[in-house]
Amino acid sequence: MPLLTRRNLLKASAVAGAYGIGMGAAGKFGLAGSEPQPQVLKAVKTEASLTDAGSTKDIMTWGDQGMPPVLRMQRGEPFAARLTNSLDEPTTIHWHGLRIDNKMDGVPFMTQPYVYTGDSFDYAFTPPDAGTFWYHPHCNTLTQMGHGMTGIIVVEDPADPVFDAEIVLNLRDWRLGGDGQFIAPFRPRDAAKTGTYGTVRTANWQREPQYDALAGGLIRLRIAITDVTRIFSLKMEGAAATVIAIDGNPVPKRFPLELLQVGPGQRLDLAVRMPDSEGAVATLEDIRGTTPKTIASLRAVGKTLKRDALDLGRLAANPVRQADLSSAERIPLVLSATAESAPADSICGTLGYSFWAINKVPWPGDTPDPTAPLAELKLGKSYIFQLENVTPHLHPIHLHGMSLTVISSSTREVRPLVSDTYLIQPDEKVQLAFVADNPGDWLLHCHIIEHQKTGMTSYVRVT
Ligand code: C2O
Ligand code: CU
């Protein structure tokens, strides 16, 4: 396996295949000011080797390389992608965490028509923020995401500190039977609780992959939880790991990764200081549940570089406007269970149940008959979501199009993180502030897809 060195990193797309990182041909822009070449994202059905039981059929992805390509974009530079649909059902692409034009947000009915089989849709936008983000469909999502359509976006900033290497980890599970083929995507009784877990865990579509990295080097580990259900409790064994960004935004103050809960939709950027001795292995683990699970590991190779994490420069903050807390209007937002009104059939998939609600309204999203918006917001004004979880389960609540700042919680110390997804605990009340600076209808939903699709979805309107 070739080394991931700083020099090789520049040629990352050439070596990525060896790592299964699957970086695509993104980032090949023309000269400044000219239109970027669109990255073609062809939605296809294919097969992939995920277990020892042989090839898994009915995999869904974009492109022909297995895992969806890691899309590389530059902060402030135009990006374009053409989605072409070769699935036998409609689809769209949502760019999770990117604060872009509403028309490019990829939500069927709300921001664009869904893209039928054989059709295409052109996405074009300029990412304002640098960091780790991801992309996925917003139509029949439990199936399309569950079968593979979750890809990583890396938005680079030329001012980013230089690491000795970078490794991108797309963490997700698959619901497969012993024969390696897909089984029922969910169980209703689980959808009404934590959601239904997958049976095979992977990182970059591999089970417990191991990557080589230079001994004593500093590695930027970009982790995205793209699973439809699983919440991870991440820990690094055998190497010091420092949290440098969460959900695409630099943390106000770096801290060692001791144990961090990260939910579906969330991202974590770590600076990992590789061990000094050749052959030493650092392991990323999920310690939720009874026995720790290995997610992926890094093996030190070569003579130590003796780097010091303290020498790493800062990540530039993203240009997210700070809410004016004194004038901010408060919006109550209560997450609850419900048994009312089973959703009607929708072309973008219904699970046929209603288990959850936001402010007592259950809505599965992606339907032609949206409920009224949760709130109508004035462009440029500050708001605070008073998010309250009266259920006994955790929910990663995601807002499209704008970033939230965590202000305070009723149950724990919180960092003033800027984020698009907040993992709320049972019985927690949290204040999330933001400036309504992006016009349009923006979804707000739980990113445990069974919760989203059985009622825990709403939207705000900014005009
Ligand atoms: Cu990851 Cu509605 O989004
Ligand atoms: Cu939820």
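First listed ligand is number 1; within each ligand, the first listed atom is number 1. By convention here, the first residue in the shown sequence is residue 1.
- For residue His445, an N/O/S atom approaches atom 2 (Cu) of ligand 1 to within less than 2.8 Å.
- His447 lies apart from the Cu ion (ligand 2) in this respect, since none of its N, O or S atoms is found at a distance under 2.8 Å.
- Within the 2.8 Å limit, His138 places at least one N, O or S atom next to atom 2 (Cu) of ligand 1.
- Because the distance cut-off is set at 2.8 Å, His447 qualifies as a neighbour of atom 1 (Cu) of ligand 1 through one of its N, O or S atoms.
- Inspection of the Gln39 and Tyr123 side chains reveals no N or O donor paired with an N or O acceptor under 3.5 Å.
- When distances to the Cu ion (ligand 2) are checked against a cut-off of 2.8 Å, His393 contributes no N, O or S atom below that limit.
- The number of heavy atoms from other shown groups lying within 6.0 Å of NZ (Lys381) is above 12.
- Checked against the 6.0 Å centroid threshold, His136 and Trp95 do not count as a close aromatic pair.
- Between Gln261 and Gln425, the side chains place a donor N or O and an acceptor N or O closer than 3.5 Å (distance only, hydrogens not considered).
- When the N, O or S atoms of His96 are ranked by distance to atom 1 (Cu) of ligand 1, ND1 comes first.
- The Cu ion (ligand 2) sits nearest to atom ND1 when only the N, O or S atoms of His451 are considered.
- Residues Arg201 and Asp227 are not paired through a salt bridge, judged by the lack of any N-O separation under 4.0 Å between the basic side chain and the carboxylate.
- Between atom 1 (Cu) of ligand 1 and His400 there is no N/O/S contact shorter than 2.8 Å.
- Looking at every heavy atom in both residues, Phe255 comes nearest to Leu260 through CE1-CD1, 4.4 Å.
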